[in-house]
Number of protein chains: 2
Amino acid sequence: MANQLDSFFGAMADPTRRAVIERLASGPASVSELHKPHKMALPTFMRHLKVLEDTGIVRSVKKGRVRTCHIEAAPLIEAQGWLAWQREIWENRLDGLAALAHEISQKDQNDGT
Amino acid sequence: MANQLDSFFGAMADPTRRAVIERLASGPASVSELHKPHKMALPTFMRHLKVLEDTGIVRSVKKGRVRTCHIEAAPLIEAQGWLAWQREIWENRLDGLAALAHEISQKDQNDGT
DNA sequence: TCAATACTTAGCAACATGGCTAACCAACTT
DNA sequence: AAGTTGGTTAGCCATGTTGCTAAGTATTGA
């Protein structure tokens, strides 16, 4: 995928992967620990984990035979920022339209809000 | 896809579709107007538009032969809320458990993709 | 050393996605 | 009426994604 947002949103489009994020938000966990609540086969689950890691949402360290995963905030913050940005533009525009509408229909309303 | 977030994030994972959102954030537009800056064939583009509409991110009305599209804020706000929620949990945890972060970074990094 | 644990790799099948062209309908315009 | 514009439908193909199983590697524990 082209940029950071592509892969981030792509990663978050899957419920299994969002569940992993929700779990990791409250603290690091091993692969098998993360896998436990999910019905799918381990290799399948591992691939979801890989998607999250490739996207930079999750990092992991292997110690002995256990790989411990933890969350990385940056991509999450970036996506949130993009959404906030869009929303801001949209809301400013609405403000503008509201003002315009008010201007057009300038009646004798003199309410103070 | 299962829920609202699945389809929302799925929709936002494509740069063409995000570009459409960015365009629509600053005001409604017709299909061909939206299509103009994109190189792909119109039917291909229309399918992106359909994804956005199916997800509820975009609404449209057809008048004569022109279909005018506009943005719908609700799904955007919901997704932003989910991200904010995750981030909050994550940040609260960091506030309380700075020592844990230290412990993680201290581990022997003998793999790390 | 042998077995269990915790991943990891490889490869396959089914379906989804994103691109295309061709051909079509509907509504203006001339 | 005929042509142009704006959108739509249908179908094809290449690639990507998500699930599986089988089998392998590397630690750890007995």
Side-chain angles (χ1 to χ4, degrees), chain A residues 1-21 23-24 28-70, chain B residues 1-21 23-24 27-55 57-70 104 107-113:
Chain A
M1 303 212 196
N3 69 45
Q4 193 84 0
L5 285 171
D6 281 20
S7 53
F8 176 83
F9 284 125
M12 300 319 261
D14 185 284
T16 299
R17 292 194 291 256
R18 279 204 312 284
V20 169
I21 295 303
R23 166 61 189 80
L24 285 180
S30 72
V31 169
S32 30
E33 216 175 324
L34 290 171
H35 172 232
K36 205 170 288 176
H38 300 280
K39 293 215 166 76
M40 65 191 64
L42 182 60
T44 304
F45 181 78
M46 291 280 297
R47 208 177 311 150
H48 283 297
L49 228 43
K50 187 178 187 316
V51 170
L52 291 171
E53 236 183 306
D54 288 350
T55 312
I57 304 168
V58 161
R59 295 276 171 86
S60 70
V61 231
K62 191 165 182 178
K63 194 172 192 179
R65 58 186 170 175
V66 176
R67 177 174 296 279
T68 302
C69 304
H70 60 98
Chain B
M1 303 212 197
N3 70 43
Q4 190 88 359
L5 285 172
D6 280 21
S7 52
F8 176 83
F9 283 125
M12 300 318 263
D14 186 284
T16 299
R17 292 193 292 257
R18 279 202 312 283
V20 169
I21 296 303
R23 166 61 189 81
L24 286 180
S30 71
V31 169
S32 31
E33 216 175 325
L34 290 171
H35 172 231
K36 205 170 288 175
H38 299 280
K39 277 186 182 140
M40 65 191 65
L42 183 60
T44 304
F45 182 77
M46 292 279 299
R47 247 162 66 214
H48 284 297
L49 228 43
K50 187 177 187 315
V51 170
L52 290 172
E53 237 184 303
D54 288 350
T55 312
I57 304 168
V58 162
R59 296 275 171 86
S60 70
V61 233
K62 193 166 181 176
K63 198 173 192 178
R65 59 185 169 173
V66 176
R67 177 174 296 280
T68 302
C69 304
H70 60 98
I104 291 167
K107 283 181 180 174
D108 176 23
Q109 306 184 0
N110 60 0
D111 189 75
T113 314

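Quick note on labels: first sequence line is chain A, next is B, and so on, each numbered from 1. On a predicted model such as this, the values are computed, not experimentally measured, just so you know.
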Test your reading of the model: is there a side-chain donor-acceptor pair from A:R17 to the backbone of A:A11, 3.5 Å cut-off? yes
Do you know which two heavy atoms are closest between [X] and [Y], and how far apart they sit?
{"X": "A:R18", "Y": "A:A13", "answer": "NH1-C, 3.9 Å"}
{"X": "A:P28", "Y": "A:R23", "answer": "O-NH2, 3.5 Å"}
{"X": "A:S60", "Y": "A:E53", "answer": "OG-OE2, 2.9 Å"}
{"X": "A:V31", "Y": "A:F45", "answer": "O-CE2, 3.9 Å"}

Donor/acceptor link under 3.5 angstrom from B:R47 side chain onto base of C:dG19: yes
Given atom [atom1] of [X] and atom [atom2] of [N], what is their separation to the nearest angstrom?
{"X": "A:M46", "N": "D:dC20", "atom1": "CE", "atom2": "C1'", "result": "16 Å"}
{"X": "A:R65", "N": "D:dT27", "atom1": "CZ", "atom2": "P", "result": "10 Å"}
{"X": "A:K62", "N": "D:dT27", "atom1": "NZ", "atom2": "P", "result": "7 Å"}
{"X": "A:R67", "N": "C:dT8", "atom1": "CZ", "atom2": "C1'", "result": "10 Å"}
{"X": "A:E33", "N": "C:dC7", "atom1": "CD", "atom2": "P", "result": "9 Å"}
{"X": "A:L49", "N": "C:dT9", "atom1": "CG", "atom2": "P", "result": "13 Å"}
{"X": "A:D6", "N": "C:dT17", "atom1": "CG", "atom2": "C1'", "result": "14 Å"}
{"X": "B:L42", "N": "C:dC24", "atom1": "CG", "atom2": "C1'", "result": "13 Å"}

Please state whether the phosphate of D:dT18, meaning OP1 or OP2, lies under 4.0 angstrom from any side-chain nitrogen or oxygen of A:T16. no
Does B:S32 have a side-chain nitrogen or oxygen under 4.0 Å from the phosphate oxygens OP1 or OP2 of D:dG7? yes
Would you classify B:S30 as touching base, sugar-phosphate or nothing, given that sugar-phosphate means primed atoms plus P, OP1 and OP2, and contacts are heavy atoms under 4.0 Å? sugar-phosphate
Select base, sugar-phosphate, or nothing to describe what B:T44 touches, counting heavy atoms under 4.0 Å on all strands. base
Nearest to side-chain heavy atoms of B:V66, which nucleotide of D:dG7, C:dA6, D:dA10: D:dG7
Winner on side-chain proximity to B:H48, out of C:dG18, D:dG6, C:dC20, is C:dG18
